[in-house]
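A quick write-up on the structure given underneath.
Fair warning: this is a prediction, and the values are worked out from it, not measured in the lab. Counting convention: from 1, in listed order, for ligands and their atoms alike.
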Amino acid sequence: MPHLTGRSLLSLLDYSREEIEYLVDLALQLKADRAAGHRRRRLEGYTLAMIFEKRSTRTRASFETAFGEEGGHPVFLSTDDIHLGVKEDLADTARVLGRMFDCIEFRGFEQRTAEDLARYSGVPVYNGLTDLYHPTQALADLMTVRECFGSLAGRRLVYAGDGRNNVAHSLMIGCAKTGLDFVVCAPAELQPKADFVARCRGLAAETGAELLVTDEPANAVRGADAIYTDVWTSMGEEAQAGHRRQILGPYQVNEHLMAATGNDDTVFLHCLPAVKGEEVTDAVFEGPASRVFDQAENRKHTIKALMLATLGREDGQE
Ligand code: CP
Ligand code: NVA
(Lines give C-alpha, C1' and ligand atoms only; values in the text may rest on other atoms or scores of the structure.)
(Ligands and ions follow the chains in the order given, each with its own letter.)
Protein backbone atom coordinates (compact mmCIF):
# COMPACT_ATOMS: atom_id res chain seq x y z
CA MET A 1 0.00 0.00 0.00
CA PRO A 2 1.55 3.35 -1.00
CA HIS A 3 2.26 5.74 1.85
CA LEU A 4 0.86 9.14 0.85
CA THR A 5 0.73 10.83 4.28
CA GLY A 6 1.81 14.46 4.08
CA ARG A 7 1.85 14.60 0.28
CA SER A 8 0.38 17.42 -1.82
CA LEU A 9 -1.27 16.81 -5.19
CA LEU A 10 -0.13 19.65 -7.46
CA SER A 11 0.17 17.57 -10.64
CA LEU A 12 -0.20 13.87 -11.43
CA LEU A 13 3.40 14.08 -12.69
CA ASP A 14 4.39 13.76 -9.01
CA TYR A 15 2.43 10.53 -8.48
CA SER A 16 3.48 7.04 -9.53
CA ARG A 17 1.27 4.57 -11.33
CA GLU A 18 0.91 2.59 -8.11
CA GLU A 19 -0.15 5.70 -6.16
CA ILE A 20 -2.71 6.75 -8.78
CA GLU A 21 -4.20 3.26 -8.96
CA TYR A 22 -4.27 3.08 -5.17
CA LEU A 23 -6.33 6.32 -5.01
CA VAL A 24 -8.74 5.03 -7.68
CA ASP A 25 -9.15 1.73 -5.79
CA LEU A 26 -9.74 3.56 -2.52
CA ALA A 27 -12.30 5.85 -4.19
CA LEU A 28 -14.20 2.83 -5.56
CA GLN A 29 -14.27 1.40 -2.04
CA LEU A 30 -15.47 4.71 -0.56
CA LYS A 31 -18.24 4.90 -3.16
CA ALA A 32 -19.37 1.38 -2.33
CA ASP A 33 -19.23 2.12 1.41
CA ARG A 34 -21.38 5.22 0.99
CA ALA A 35 -23.90 3.36 -1.19
CA ALA A 36 -24.14 0.71 1.54
CA GLY A 37 -24.93 3.43 4.07
CA HIS A 38 -21.65 3.20 6.00
CA ARG A 39 -20.70 6.52 7.51
CA ARG A 40 -17.27 7.13 9.03
CA ARG A 41 -15.80 10.12 10.82
CA ARG A 42 -12.12 9.67 10.07
CA LEU A 43 -11.49 13.43 9.73
CA GLU A 44 -13.08 14.56 12.98
CA GLY A 45 -10.99 17.40 14.40
CA TYR A 46 -9.36 18.11 11.00
CA THR A 47 -9.67 21.37 9.05
CA LEU A 48 -9.47 22.12 5.32
CA ALA A 49 -8.95 25.60 3.80
CA MET A 50 -10.59 25.93 0.36
CA ILE A 51 -9.21 28.85 -1.65
CA PHE A 52 -10.99 29.78 -4.88
CA GLU A 53 -9.83 32.42 -7.39
CA LYS A 54 -12.19 30.97 -10.03
CA ARG A 55 -15.77 29.73 -9.97
CA SER A 56 -16.59 26.10 -9.20
CA THR A 57 -19.58 23.86 -8.65
CA ARG A 58 -18.27 20.26 -8.64
CA THR A 59 -14.84 20.83 -7.14
CA ARG A 60 -16.09 23.01 -4.33
CA ALA A 61 -19.01 20.71 -3.58
CA SER A 62 -16.76 17.63 -3.69
CA PHE A 63 -14.10 18.94 -1.31
CA GLU A 64 -16.64 20.45 1.06
CA THR A 65 -19.00 17.47 1.29
CA ALA A 66 -16.25 14.83 1.25
CA PHE A 67 -14.38 16.49 4.12
CA GLY A 68 -17.59 17.22 6.05
CA GLU A 69 -18.96 13.70 5.67
CA GLU A 70 -15.87 12.36 7.40
CA GLY A 71 -16.42 14.76 10.32
CA GLY A 72 -13.90 17.41 9.21
CA HIS A 73 -14.43 21.17 9.05
CA PRO A 74 -13.95 22.73 5.58
CA VAL A 75 -13.67 26.53 5.35
CA PHE A 76 -14.39 28.28 2.04
CA LEU A 77 -12.06 31.22 1.41
CA SER A 78 -12.90 33.25 -1.70
CA THR A 79 -10.05 35.43 -2.91
CA ASP A 80 -12.57 38.30 -2.95
CA ASP A 81 -12.48 38.12 0.83
CA ILE A 82 -8.97 37.13 1.92
CA HIS A 83 -5.61 38.88 1.46
CA LEU A 84 -4.11 36.33 -0.95
CA GLY A 85 -1.55 38.30 -2.95
CA VAL A 86 -3.32 41.55 -2.07
CA LYS A 87 -1.72 43.51 0.77
CA GLU A 88 -0.16 40.30 2.13
CA ASP A 89 2.23 38.21 0.08
CA LEU A 90 1.46 34.62 -0.70
CA ALA A 91 4.22 33.17 1.48
CA ASP A 92 2.82 34.91 4.56
CA THR A 93 -0.76 33.82 3.91
CA ALA A 94 0.48 30.27 3.30
CA ARG A 95 2.41 30.20 6.58
CA VAL A 96 -0.62 31.45 8.52
CA LEU A 97 -2.94 28.90 6.91
CA GLY A 98 -0.39 26.16 7.58
CA ARG A 99 -0.60 26.98 11.30
CA MET A 100 -4.40 26.77 11.32
CA PHE A 101 -5.37 24.08 8.83
CA ASP A 102 -4.40 20.46 8.23
CA CYS A 103 -4.64 20.82 4.45
CA ILE A 104 -5.44 23.36 1.73
CA GLU A 105 -7.33 23.15 -1.55
CA PHE A 106 -6.50 25.78 -4.19
CA ARG A 107 -8.30 26.65 -7.43
CA GLY A 108 -6.96 29.51 -9.48
CA PHE A 109 -4.90 30.77 -12.34
CA GLU A 110 -1.21 30.09 -11.85
CA GLN A 111 0.28 26.69 -11.09
CA ARG A 112 3.02 28.60 -9.28
CA THR A 113 0.49 29.76 -6.66
CA ALA A 114 -0.41 26.15 -5.80
CA GLU A 115 3.29 25.26 -5.62
CA ASP A 116 4.08 28.21 -3.37
CA LEU A 117 1.15 27.43 -1.07
CA ALA A 118 2.57 23.92 -0.64
CA ARG A 119 6.12 25.17 -0.15
CA TYR A 120 5.30 27.74 2.53
CA SER A 121 2.30 26.22 4.33
CA GLY A 122 3.98 22.90 5.14
CA VAL A 123 0.65 21.03 4.86
CA PRO A 124 -0.77 19.01 1.94
CA VAL A 125 -2.08 21.26 -0.86
CA TYR A 126 -4.54 19.93 -3.41
CA ASN A 127 -4.70 21.50 -6.86
CA GLY A 128 -8.40 22.03 -7.54
CA LEU A 129 -7.59 23.39 -11.07
CA THR A 130 -5.04 25.85 -12.36
CA ASP A 131 -4.49 27.11 -15.91
CA LEU A 132 -2.04 24.23 -16.38
CA TYR A 133 -3.49 21.18 -14.62
CA HIS A 134 -6.66 19.66 -13.14
CA PRO A 135 -5.34 16.53 -11.42
CA THR A 136 -8.33 15.73 -9.21
CA GLN A 137 -10.50 15.76 -12.35
CA ALA A 138 -8.23 13.20 -14.01
CA LEU A 139 -8.49 10.94 -10.94
CA ALA A 140 -12.28 10.96 -11.28
CA ASP A 141 -11.99 10.33 -15.02
CA LEU A 142 -9.78 7.29 -14.46
CA MET A 143 -12.19 6.01 -11.83
CA THR A 144 -15.06 6.38 -14.32
CA VAL A 145 -13.15 4.45 -16.99
CA ARG A 146 -12.54 1.70 -14.41
CA GLU A 147 -16.25 1.57 -13.64
CA CYS A 148 -17.21 1.47 -17.31
CA PHE A 149 -14.71 -1.15 -18.48
CA GLY A 150 -13.27 -2.83 -15.37
CA SER A 151 -9.70 -1.86 -16.31
CA LEU A 152 -7.46 1.06 -17.27
CA ALA A 153 -4.43 -0.35 -19.10
CA GLY A 154 -5.11 -1.09 -22.75
CA ARG A 155 -8.20 1.13 -23.02
CA ARG A 156 -8.25 3.94 -25.57
CA LEU A 157 -9.37 7.46 -24.69
CA VAL A 158 -9.71 10.15 -27.36
CA TYR A 159 -9.84 13.78 -26.30
CA ALA A 160 -11.29 16.20 -28.89
CA GLY A 161 -11.22 19.98 -28.63
CA ASP A 162 -8.84 22.35 -26.82
CA GLY A 163 -5.89 19.98 -26.47
CA ARG A 164 -3.69 22.27 -24.39
CA ASN A 165 -5.92 23.10 -21.48
CA ASN A 166 -5.71 21.96 -17.85
CA VAL A 167 -8.05 18.99 -18.32
CA ALA A 168 -6.26 17.70 -21.44
CA HIS A 169 -2.87 18.01 -19.74
CA SER A 170 -3.87 16.08 -16.62
CA LEU A 171 -5.65 13.39 -18.63
CA MET A 172 -2.58 12.93 -20.78
CA ILE A 173 -0.42 12.37 -17.72
CA GLY A 174 -2.98 10.13 -16.01
CA CYS A 175 -3.43 7.94 -19.09
CA ALA A 176 0.31 7.68 -19.80
CA LYS A 177 0.99 6.67 -16.20
CA THR A 178 -1.77 4.04 -16.00
CA GLY A 179 -1.35 2.52 -19.44
CA LEU A 180 -4.30 3.94 -21.39
CA ASP A 181 -3.81 4.87 -25.02
CA PHE A 182 -4.48 8.61 -25.30
CA VAL A 183 -5.23 10.51 -28.49
CA VAL A 184 -5.39 14.32 -28.49
CA CYS A 185 -7.38 15.56 -31.42
CA ALA A 186 -7.10 19.33 -31.84
CA PRO A 187 -6.23 21.97 -34.42
CA ALA A 188 -2.50 22.74 -34.59
CA GLU A 189 -2.69 25.91 -32.51
CA LEU A 190 -4.51 24.11 -29.68
CA GLN A 191 -2.27 21.06 -29.45
CA PRO A 192 -0.16 20.49 -26.35
CA LYS A 193 3.42 21.75 -26.40
CA ALA A 194 5.97 19.41 -27.95
CA ASP A 195 8.16 19.19 -24.82
CA PHE A 196 5.15 18.25 -22.67
CA VAL A 197 4.08 15.60 -25.17
CA ALA A 198 7.63 14.22 -25.23
CA ARG A 199 7.64 13.99 -21.45
CA CYS A 200 4.31 12.16 -21.43
CA ARG A 201 5.51 9.85 -24.23
CA GLY A 202 8.37 8.86 -21.93
CA LEU A 203 5.83 7.97 -19.22
CA ALA A 204 3.64 6.10 -21.72
CA ALA A 205 6.62 4.06 -22.85
CA GLU A 206 6.96 2.72 -19.29
CA THR A 207 3.36 1.42 -19.28
CA GLY A 208 3.15 0.37 -22.94
CA ALA A 209 0.55 3.04 -23.74
CA GLU A 210 0.31 4.91 -27.03
CA LEU A 211 0.17 8.72 -27.10
CA LEU A 212 -0.94 10.35 -30.33
CA VAL A 213 -1.52 13.98 -31.29
CA THR A 214 -3.53 14.67 -34.45
CA ASP A 215 -5.77 17.28 -36.06
CA GLU A 216 -7.96 14.75 -37.87
CA PRO A 217 -11.09 13.80 -35.84
CA ALA A 218 -12.72 11.04 -37.92
CA ASN A 219 -9.62 8.82 -37.95
CA ALA A 220 -8.61 9.76 -34.42
CA VAL A 221 -11.74 8.35 -32.80
CA ARG A 222 -11.62 4.94 -34.50
CA GLY A 223 -11.65 2.20 -31.88
CA ALA A 224 -12.06 4.62 -28.97
CA ASP A 225 -13.41 3.25 -25.68
CA ALA A 226 -14.14 6.80 -24.56
CA ILE A 227 -14.47 10.16 -26.27
CA TYR A 228 -13.79 13.08 -23.97
CA THR A 229 -14.24 16.79 -24.47
CA ASP A 230 -14.13 19.98 -22.43
CA VAL A 231 -15.26 23.55 -23.03
CA TRP A 232 -13.67 25.33 -25.98
CA THR A 233 -12.94 28.38 -23.83
CA SER A 234 -11.58 27.83 -20.35
CA MET A 235 -11.98 30.21 -17.43
CA GLY A 236 -9.71 33.22 -17.88
CA GLU A 237 -9.62 32.88 -21.70
CA GLU A 238 -12.99 34.48 -22.43
CA ALA A 239 -11.45 36.90 -24.98
CA GLN A 240 -10.66 33.88 -27.19
CA ALA A 241 -14.23 32.59 -27.35
CA GLY A 242 -15.06 33.86 -30.85
CA HIS A 243 -11.86 32.51 -32.40
CA ARG A 244 -12.30 29.15 -30.67
CA ARG A 245 -15.78 28.78 -32.14
CA GLN A 246 -14.31 29.44 -35.58
CA ILE A 247 -11.58 26.80 -35.41
CA LEU A 248 -13.10 24.08 -33.21
CA GLY A 249 -16.31 23.28 -35.12
CA PRO A 250 -14.87 20.11 -36.71
CA TYR A 251 -13.96 18.80 -33.23
CA GLN A 252 -17.49 18.93 -31.83
CA VAL A 253 -18.56 15.62 -30.31
CA ASN A 254 -21.78 14.81 -32.15
CA GLU A 255 -23.54 11.60 -33.19
CA HIS A 256 -21.49 11.47 -36.37
CA LEU A 257 -18.20 11.52 -34.44
CA MET A 258 -19.49 8.93 -31.95
CA ALA A 259 -20.46 6.65 -34.86
CA ALA A 260 -16.99 7.09 -36.42
CA THR A 261 -15.49 5.09 -33.52
CA GLY A 262 -16.88 1.91 -35.14
CA ASN A 263 -17.49 0.73 -31.57
CA ASP A 264 -21.02 0.43 -30.13
CA ASP A 265 -19.71 0.57 -26.56
CA THR A 266 -17.85 3.89 -26.70
CA VAL A 267 -18.76 6.13 -23.78
CA PHE A 268 -18.87 9.92 -23.76
CA LEU A 269 -17.04 11.80 -21.00
CA HIS A 270 -16.91 15.51 -20.09
CA CYS A 271 -15.54 17.15 -16.96
CA LEU A 272 -18.46 19.65 -16.96
CA PRO A 273 -19.64 22.36 -17.02
CA ALA A 274 -20.62 21.82 -20.68
CA VAL A 275 -21.61 24.36 -23.32
CA LYS A 276 -24.08 22.27 -25.28
CA GLY A 277 -24.12 23.15 -28.97
CA GLU A 278 -20.39 23.96 -28.88
CA GLU A 279 -18.05 21.12 -27.84
CA VAL A 280 -20.90 18.56 -27.58
CA THR A 281 -24.39 18.26 -28.98
CA ASP A 282 -27.41 17.88 -26.75
CA ALA A 283 -28.08 14.47 -28.35
CA VAL A 284 -24.70 13.03 -27.27
CA PHE A 285 -24.76 14.72 -23.87
CA GLU A 286 -28.19 13.27 -23.10
CA GLY A 287 -27.69 10.06 -25.09
CA PRO A 288 -27.09 6.47 -23.93
CA ALA A 289 -23.27 6.70 -24.18
CA SER A 290 -23.01 9.64 -21.79
CA ARG A 291 -21.40 8.97 -18.40
CA VAL A 292 -20.92 12.59 -17.42
CA PHE A 293 -22.91 12.50 -14.20
CA ASP A 294 -21.09 9.38 -12.97
CA GLN A 295 -17.90 11.31 -13.65
CA ALA A 296 -19.20 14.31 -11.70
CA GLU A 297 -20.15 12.12 -8.74
CA ASN A 298 -16.76 10.42 -8.85
CA ARG A 299 -15.10 13.78 -8.19
CA LYS A 300 -16.32 13.46 -4.62
CA HIS A 301 -15.13 9.90 -4.05
CA THR A 302 -11.68 10.47 -5.55
CA ILE A 303 -11.20 13.71 -3.64
CA LYS A 304 -12.25 11.97 -0.43
CA ALA A 305 -9.73 9.21 -1.17
CA LEU A 306 -7.01 11.79 -1.79
CA MET A 307 -7.65 13.64 1.46
CA LEU A 308 -7.92 10.50 3.60
CA ALA A 309 -4.71 9.09 2.14
CA THR A 310 -2.63 12.26 2.36
CA LEU A 311 -3.80 12.87 5.92
CA GLY A 312 -2.97 9.26 6.81
CA ARG A 313 -6.58 8.58 7.77
CA GLU A 314 -7.75 5.97 5.28
CA ASP A 315 -7.68 3.14 7.80
CA GLY A 316 -9.34 5.27 10.48
CA GLN A 317 -7.10 4.10 13.35
CA GLU A 318 -6.49 6.57 16.18
N1 CP B 1 -15.19 19.78 -13.45
C2 CP B 1 -15.04 20.81 -12.61
O3 CP B 1 -13.94 21.10 -12.12
O4 CP B 1 -16.18 21.47 -12.32
P5 CP B 1 -16.32 22.81 -11.48
O6 CP B 1 -15.70 23.91 -12.30
O7 CP B 1 -17.80 23.00 -11.31
O8 CP B 1 -15.60 22.65 -10.17
N1 NVA C 1 -10.89 23.73 -18.88
C2 NVA C 1 -11.98 24.20 -18.04
C3 NVA C 1 -12.28 23.18 -16.98
C4 NVA C 1 -13.40 23.54 -16.06
C5 NVA C 1 -13.65 22.47 -15.03
C6 NVA C 1 -11.63 25.53 -17.43
O7 NVA C 1 -10.48 25.70 -16.99
O8 NVA C 1 -12.48 26.42 -17.41
Response to the item:
Between Lys54 and the options Asp131, Thr79, Thr130, Thr59, the side chain to side chain contact (heavy atoms under 4.5 Å, CB included) test singles out Asp131
Practice prompt. Could you go through the side chain to side chain contact (heavy atoms under 4.5 Å, CB included) check for Lys177 and Leu12 one step at a time?
Written response: CA-CA 9 Å; Lys177 290 216 172 200; Leu12 284 179; 5.6 Å; no
Worksheet entry | Residues, nucleotides or ligands: over 12 heavy atoms within 6.0 Å of Arg112 CZ | no
Discussion item. Suppose we measure from atom 8 (O) of ligand 2 to each protein heavy atom; which comes out shortest, and what is that distance?
Written reply: Met235 N, 2.8 Å
Discussion item. Could you identify the single nearest non-hydrogen protein atom to atom 4 (O) of ligand 1 and state the distance to 0.1 Å?
Written reply: Arg58 NE, 2.9 Å
Worksheet item: Which atom pair, heavy atoms only, marks the closest approach of Glu279 to Ala274?
Response: OE2-CA, 3.3 Å
Worksheet entry | Polar proximity ligand 2 side, Val167 side, N/O cut 3.5 Å exclusive | no
Fill in: Close approach of Leu272 to ligand 2, heavy atoms, under 4.0 angstrom
yes
Fill in: Protein residue, atom and distance nearest to atom 4 (C) of ligand 2, heavy-atom basis
Leu129 CD1, 3.8 Å
Practice prompt. Could you label the plane-to-plane angle of the Phe293 and Phe285 rings as parallel, tilted or perpendicular, counting under 30° as parallel and over 60° as perpendicular?
Written response: perpendicular
Item to complete: Counting heavy atoms only, name the option from Lys54, Arg55, Met235, Arg107 that's nearest to atom 6 (O) of ligand 1.
Response: Arg107
Item to complete: Indicate yes or no: does an N/O atom of Asn166 lie under 3.5 Å from an N/O atom of ligand 2?
Response: yes
Worksheet item: Just distances here: any N/O of Asp230 and N/O of ligand 2 closer than 3.5 Å?
Response: yes
Worksheet, complete the sentence: Heavy-atom proximity to atom 8 (O) of ligand 1, picking from Ser234, Gly128, Pro273, Ser56, points to Ser56
Item to complete: Would you mind checking which non-hydrogen protein atom is closest to atom 2 (C) of ligand 1, with the distance to 0.1 Å?
Response: Arg299 NH1, 3.2 Å
Fill in: Sub-4.0 Å atoms of ligand 1 with respect to non-hydrogen atoms of His134
2 (C), 3 (O)
Fill in: Phe76-Phe52 aromatic ring centre distance below 6.0 Å
yes
Discussion item. Arg60 versus ligand 1: do any nitrogen or oxygen atoms come within less than 3.5 Å of each other?
Written reply: no
Discussion item. Is there a polar contact between ligand 2 and Thr233, counting only N or O atoms under 3.5 Å apart?
Written reply: no
Item to complete: Check Leu129 against ligand 1 and report side chain, backbone, both or neither, counting heavy atoms closer than 4.0 Å.
Response: neither
Discussion item. Over 60° means perpendicular and under 30° means parallel, so tell me whether Tyr133 and His169 are parallel, tilted or perpendicular.
Written reply: perpendicular
Discussion item. For Arg299 and Gln137: C-alpha separation, side-chain torsions, deciding distance, then whether side-chain hydrogen bond (donor to acceptor under 3.5 Å, both in side chains) applies.
Written reply: CA-CA 7 Å; Arg299 297 295 309 285; Gln137 178 68 52; 3.1 Å; yes
Worksheet entry | Lys/Arg cation over aromatic Tyr15: Arg7, 6.0 Å, 45° cone | yes
